[in-house]
Protein chains: 2
Amino acid sequence: MTSFIVDSRETNSRIPVHLRELGVEFEMQEMAAGDFHVGEFLIERKSITDLAKSILDGRLFEQAELIAQASERPAILIEGNLLDLPNDMHPDAMPGAISALSVFWGLSVFSSPNQLGTARLLARLHHHQVNGLGYEVATRVLKPKDKPDGAQAQYLVSGLPGVGPEMARKLLGHFGSARAVFAASIHELAQCNGVGPKTAVAIATALDQSPTKFRVTKKATI
Amino acid sequence: MTSFIVDSRETNSRIPVHLRELGVEFEMQEMAAGDFHVGEFLIERKSITDLAKSILDGRLFEQAELIAQASERPAILIEGNLLDLPNDMHPDAMPGAISALSVFWGLSVFSSPNQLGTARLLARLHHHQVNGLGYEVATRVLKPKDKPDGAQAQYLVSGLPGVGPEMARKLLGHFGSARAVFAASIHELAQCNGVGPKTAVAIATALDQSPTKFRVTKKATI
DNA sequence: ACTTCCGATCCTTGA
DNA sequence: TCAAGGATCGGAAGT
């Protein structure tokens, strides 16, 4: 699950070098299918020209089959500019291949501009699977700095469902402080001008919601 | 499902035109989340610059969450050259975003060079899902769309000064509900792990401050 | 998204 | 037992 294996043939590329520069630890092995084994991903790396070649000679889908059967999370990583195609290639060929890989073989289709980009992506994929995000996604950006007036309270109250800056102002005027707003019952809330029964209920619900489960770090599998 | 729905906002782009030129039939609708609904895929289209912007202002997560919860097969389609990034952006940011979208939100990450490429890819995705390969492909089971319970409360509480997502989580765990957090005294707040005297005072101050409209005296500063 | 920086909190030590 | 010091965590801001 936390493994990072690089196929020995990748010594031809600068990927292993870049990975080391990025401080990633990995093993090199002869791999039966794919080029990188990063956590649950099994990834086949293809430069855009190699990909074009594989499409034309029909070998692409064999390889797709291989990695699709070898992993729960098969992926292809297309490296290079998507416009660098052989002139004689049909313009639908590349999109068609990407679509087929995704629809029929369930592959994730990553893309990177160059070998360094590839290394960075691999490193991040690994890091994310090992450490998660390392932090929680920032909720509530743009917090006001400590202003002496009620801006702080207004911002706080405007976090309630259905409450924007204007409604927050009304609520604060009616109740006197943020603490009082948050202590109010549904009925009391509804007394405030601008607050109807629906909003009142929504507010009370949010306030009384119990923290049975929390997302610490989001974990999803495909 | 063989539907092909395009969000009405896409009229700004040339995608619908290209699609018609490619002989694809589709409907245009106002979509709640995403830009294209192609078979089982729900796809959000982002130009590389828009994507960069969304990363910087943190808006990307919300959108990812939206389409991830609205579909079994959520996807993002990155349009443009992956090297066209704001040069003030950290080089690890874009790969990190792609990785996170894939690992944590289970999104497929497509890529296309331009609007025509996007249209071609969409067309092929549709065609493949309609006409298939003669057999059904086992579509992978996607994410446990665990709607985080208490997210609303966490958002609300993280509006307090010195309180981010993590502290909010701790506070809610300690007090049981947002209402209880907002009712707590300085001393009670300080009981919570991670909350010291400074933070406790800051929180209480924010809660009890009243709009200064009526206050004559000013806060003394050193 | 990532990184850097800073302040607050918590933990350990040693008197 | 408590105070001072240093390690750690989390938040805020900038790229």
Side-chain angles (χ1 to χ4, degrees), chain A residues 21-24 110-113 116-117 119-147 151-152 155-156 159 214-218, chain B residues 44 46-65 68 76 78 82-105 107 109 111 154-155 157-174 186-187 189-206:
Chain A
E21 286 169 0
L22 293 170
V24 181
F110 295 114
S111 202
S112 92
L116 180 54
R120 287 191 197 280
L121 180 56
L122 292 171
R124 272 302 149 190
L125 282 171
H126 182 239
H127 180 84
H128 279 158
Q129 288 178 88
V130 173
N131 305 329
L133 267 185
Y135 48 83
E136 278 203 63
V137 256
T139 45
R140 218 100 200 250
V141 288
L142 302 177
K143 286 213 248 189
K145 319 219 177 292
D146 186 27
K147 300 245 186 94
Q152 184 101 30
Y155 171 78
L156 184 55
F214 277 108
R215 169 179 47 182
V216 178
T217 304
K218 191 151 176 178
Chain B
E44 171 87 17
K46 280 239 180 268
S47 77
I48 188 73
T49 50
D50 280 348
L51 179 56
K53 227 182 299 172
S54 298
I55 290 174
L56 289 176
D57 65 18
R59 216 185 64 197
L60 182 63
F61 322 131
E62 298 173 26
Q63 298 177 323
E65 189 93 27
I76 187 171
I78 305 174
L82 289 174
L83 289 174
D84 290 343
L85 293 174
N87 37 8
D88 55 345
M89 182 180 219
H90 192 285
D92 268 342
M94 182 59 67
I98 293 174
S99 168
L101 288 174
S102 178
V103 173
F104 299 120
W105 278 272
L107 265 65
V109 184
S111 208
Q154 186 179 19
Y155 174 83
V157 173
S158 67
L160 291 166
V163 177
E166 185 56 28
M167 281 299 219
R169 195 182 58 76
K170 287 180 180 170
L171 283 166
L172 284 165
H174 184 89
I186 293 182
H187 182 70
L189 285 166
Q191 301 300 306
C192 179
N193 196 318
V195 180
K198 297 276 178 62
T199 310
V201 169
I203 291 174
T205 305

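First the proteins, then the strands, lettered A, B, ... as listed; each starts at 1. Below, all heavy atoms of this structure are taken into account, side chains as well, without hydrogens, waters or symmetry copies.
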For [X] and [Y], work out which heavy atoms get closest and say how close.
| X | Y | result |
| --- | --- | --- |
| A:Gln152 | B:Pro161 | NE2-CB, 3.3 Å |
| B:Thr49 | B:Asp84 | CG2-O, 4.4 Å |
| B:Ala93 | B:Ile55 | O-CD1, 4.4 Å |
| A:Val24 | A:Ala123 | CG2-CB, 3.6 Å |

Would you indicate which nucleotide in [options] comes nearest to any side-chain atom of [X]?
| X | options | value |
| --- | --- | --- |
| A:Arg124 | C:dA1, D:dT15, C:dC2 | C:dC2 |
| B:Ala97 | D:dG11, C:dA1, C:dT9 | C:dA1 |
| B:Asp92 | C:dC10, C:dT3, C:dA1 | C:dT3 |
| B:Lys198 | C:dA8, D:dT15, D:dG11 | C:dA8 |
| B:Thr199 | C:dC2, D:dG10, C:dT9 | C:dT9 |

Distance test, side-chain N/O of [X] to OP1/OP2 of [N], below 4.0 Å:
| X | N | result |
| --- | --- | --- |
| A:Arg120 | C:dA1 | no |
| A:Tyr135 | C:dT3 | no |
| B:Ser99 | C:dA1 | no |
| A:Lys143 | D:dA12 | yes |

NA contact type, [X], heavy-atom cut-off 4.0 Å: base, sugar-phosphate, or nothing?
| X | value |
| --- | --- |
| B:Leu60 | nothing |
| B:Pro197 | sugar-phosphate |
| B:Ala93 | base |
| A:His128 | sugar-phosphate |
| B:Pro165 | sugar-phosphate |
| B:Asn193 | sugar-phosphate |

Tell me the interatomic distance from [X], atom [atom1], to [N], atom [atom2], rounded to whole angstroms.
| X | N | atom1 | atom2 | value |
| --- | --- | --- | --- | --- |
| B:Leu56 | C:dA1 | CG | C1' | 8 Å |
| B:Lys170 | D:dG10 | NZ | C1' | 7 Å |
| B:Leu85 | D:dT15 | CG | P | 17 Å |
| B:Arg169 | D:dC9 | CZ | C1' | 12 Å |
| B:Leu171 | D:dG11 | CG | P | 10 Å |
| A:Leu121 | C:dA1 | CG | C1' | 13 Å |
| A:Leu22 | C:dC2 | CG | P | 13 Å |
| B:Trp105 | C:dA1 | CH2 | C1' | 10 Å |

Legend entry - 5' priority, DNA chain D, between B:Asn87 and B:Ser158 [closest heavy atom]: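 The residue closer to the strand's 5' end, by nearest nucleotide, is B:Ser158.
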Legend entry - Most 5' of B:Met89 and B:Met167 on DNA chain D, judged by nearest nucleotide: B:Met167
Inset, instruction - Using a 4.5 Å cut-off on heavy atoms from C-beta on, say whether the side chain of B:Thr199 contacts that of B:Leu160. - result: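 Side-chain contact under 4.5 Å: no.
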Legend entry - Pair B:Glu166 + B:Arg169: basic N to acidic O under 4.0 Å: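 Yes.
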